[in-house]
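The next block holds one structure in the form of structure tokens; read it before the comments.
Just so we're on the same page: letters track the sequence lines, and every chain starts at 1.
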There are 2 protein chains.
Amino acid sequence: MTEARPTLRERRRQDLTTEIKAAARTRLAADGLAALSLRAVARDVGMAVSALYRYFASRDDLITELLVDAYTAQAEAVEAAVAATAGGPVPRLRAALLEFRAWSLAHPVEYGLLYGDPLPGYQAPTDRLQLPGTRVAALLYGLVDAADRAGRLDRAVAGARRDRLPAEHVDQLDRWRRRRVPDMGLDAVVVTVDLWTRMQGLLTLEVFGQLRPVLPDVTAYFTAALDDALAAAGLTAG
Amino acid sequence: MTEARPTLRERRRQDLTTEIKAAARTRLAADGLAALSLRAVARDVGMAVSALYRYFASRDDLITELLVDAYTAQAEAVEAAVAATAGGPVPRLRAALLEFRAWSLAHPVEYGLLYGDPLPGYQAPTDRLQLPGTRVAALLYGLVDAADRAGRLDRAVAGARRDRLPAEHVDQLDRWRRRRVPDMGLDAVVVTVDLWTRMQGLLTLEVFGQLRPVLPDVTAYFTAALDDALAAAGLTAG
DNA sequence: TTCTTGTCGAGAACAGTGTTCGCATAACCC
DNA sequence: GGGTTATGCGAACACTGTTCTCGACAAGAA
């Protein structure tokens, strides 16, 4: 184990890495990505710009780490909300989506980076972001699957929904299901996509301020749309 | 009329303005906003950087003009699709939303600027963007209103939908309605917001690539969701 | 036509950016 | 302690948006 006794240098490196990321995160939230300057970050932590390159290969590399942290923080918030919710998988699913909204509204800049328009010039490294970026989605699919296995997914409702959708759509989902979640039922996948696109679509509009002129406060609408989507999916509380 | 005989200088100014914007638009679509450099644009049109400032007060000013152009082009595309569609307001509404999607997918970078995460550091001048930015929305509200007046909005369905929504939500919409579209029925507004948020929410996810891993081709799903939303709104073709 | 006025283009300059390099200093391992 | 490695620093390079000055040219008046 090299972890046994971390050398002084390793400890300082770790500390400085998190300190740099913290400073960058603050500047990011305050001024946005475009105004995130390495020189400003260096000034904040009290070192020369060039010294930053001992910790991050480039500005893009720093951004990538911030993305990983944001994905992780968001996933942990949602997971905590799920864990704190009593009841079956459906109430937990509801809590997960409500917490997903809460975190996103509290971190609009990060949300924009994670789910907003692709950063031009910045090529997201899949190997670094694949896992943390799919944690929330995996949790949601898992909850719907759990609901399905617990008999909380009304197969009549879900089946009717599936029959009403075009075959091309369901086929695509089935291909993805076989590759990624072969143990899940197709109906559960169809229903999860319905639910996820509706709620995240609405949330994205809200976070980006598209609804503000018409709807200053989206809270009631979001909750209603969530319950609506759950019911339309055939997911019953219990 | 100063327009009577445009002097040679005025004509050249007009031409160069559109040429600069065209070059900037090309670079924008190719490399994204962050990489949109005035020097590169100047090189493309064959003039010095400083000369650009005779035509645009700043980079933000140029961007604003590009936004106006994008809003306008998008609105014109949607309006053309509506005009080219035979039948009542509901088929036209359908055509409008389908064309909205088509234009957005063909211009992802512009879409990101118009509806994506707010540009950091760039303060959108409301006076310049208010009108062009609401043209499509105004068209949609108008079409739903027309459908309502033509008896194509099933008041039983729409009313039931309204009753199922929280009072806080409906009240907010009613306040906005009284201020902005006092001649429209409340049900029509409620239903338009339902329709618009669902379709634009889904579209935003698609344009930003959020659905790609699961759904490489969203076409069938979008159309199905559109027909679904129209039916749920109580909007019947005719 | 000539003269004045306003417009326009070019080039230099300034402050800012991300990134690289060479050199010194410190911590590590043997 | 000596050799090795990691770290910090400052200068430099090629960019960026923006401002200024200066000369050239078109527009309108005398």
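Of all heavy-atom pairs between A/V78 and A/A96, the closest is CG1-CB, 3.8 Å.
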Extract from the structure each pairing of a protein N or O with an N or O of nucleotides 25-27 of chain C at less than 3.5 Å, listing the distance.
residue : atom : partner : partner atom : Å
C/dA27  : N3   : A/R9    : NH1          : 3.2

Using a cut-off of under 3.5 Å, enumerate the N/O to N/O pairs linking the protein to nucleotides 19-23 of chain C.
residue : atom : partner : partner atom : Å
C/dT19  : OP2  : A/Y53   : OH           : 2.8
C/dT19  : OP2  : A/R59   : N            : 2.7
C/dT19  : O5'  : A/Y53   : OH           : 3.1

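Distance check, rounded to the nearest 0.5 Å: CG of B/D217 to CD of A/Q172 gives 5.5 Å.
The pair B/E206-B/R101 meets the salt-bridge criterion, since a charged nitrogen lies less than 4.0 angstrom from a carboxylate oxygen. Residues B/E65 and B/R128 are paired through a salt bridge, judged by an N-O separation under 4.0 Å between the basic side chain and the carboxylate. Between A/R177 and A/D174 a salt bridge is recorded (basic side-chain N to carboxylate O distance below 4.0 Å).
A 4.5 Å side-chain heavy-atom check between B/Y115 and A/D117 finds every atom pair outside the cut-off. Counting heavy atoms from C-beta outward, B/L62 and B/S58 have side chains that stay 4.5 Å or more apart. Residues B/L97 and B/L140 form a side-chain contact, since some pair of their non-hydrogen atoms from C-beta on lies under 4.5 Å apart. By the 4.5 Å heavy-atom criterion applied to side chains, A/E19 and A/L16 are counted as neighbours.
Taking A/R135 as the reference, A/E79 meet the salt bridge (charged side-chain N to carboxylate O under 4.0 Å, His left out) condition, with sequence neighbours excluded.
As a whole-Å value, the separation of A/D31 CG from C/dG16 P is 15 Å. Atom pair A/F56:CZ and D/dT7:P shows a separation of 12 Å (rounding to whole Å applied). When rounded to the nearest whole Å, the span between CE of A/M47 and P of D/dG10 equals 12 Å. Here the C1' atom of nucleotide C/dG18 and the CG atom of A/L36 are 12 Å apart, to the nearest Å. Atom CG in B/L52 sits roughly 12 Å away from atom C1' in C/dA10 (whole-Å rounding). Taking atom CZ on B/R43 and atom C1' on D/dA14, their separation rounds to 11 Å, with Å as the unit.
Residues of residues 14-24 of chain A having a heavy atom closer than 4.0 Å to DNA chain C: none are found.
Between B/W103 and B/Y71, a ring centre-to-centre spacing not shorter than 6.0 Å is recorded.
Among D/dT16, D/dC9, D/dT7, the nucleotide with an atom closest to any side-chain atom of A/Y55 is D/dT7.
The end-to-end axis angle of the helix from C/dT7-D/dA24 to C/dC30-D/dG1, rounded to 10 degrees and based on five pairs per end, is 10°.
Under the 3.5 Å distance criterion, with hydrogens and angles disregarded, no donor-acceptor pair is assigned to the side chains of A/Y55 and A/D61.
Applying the ring-ring contact (aromatic ring centres under 6.0 Å, His included) test to pairs two or more places apart or on separate chains, those with a residue in residues 189-216 of chain A are A/F100-A/W196.
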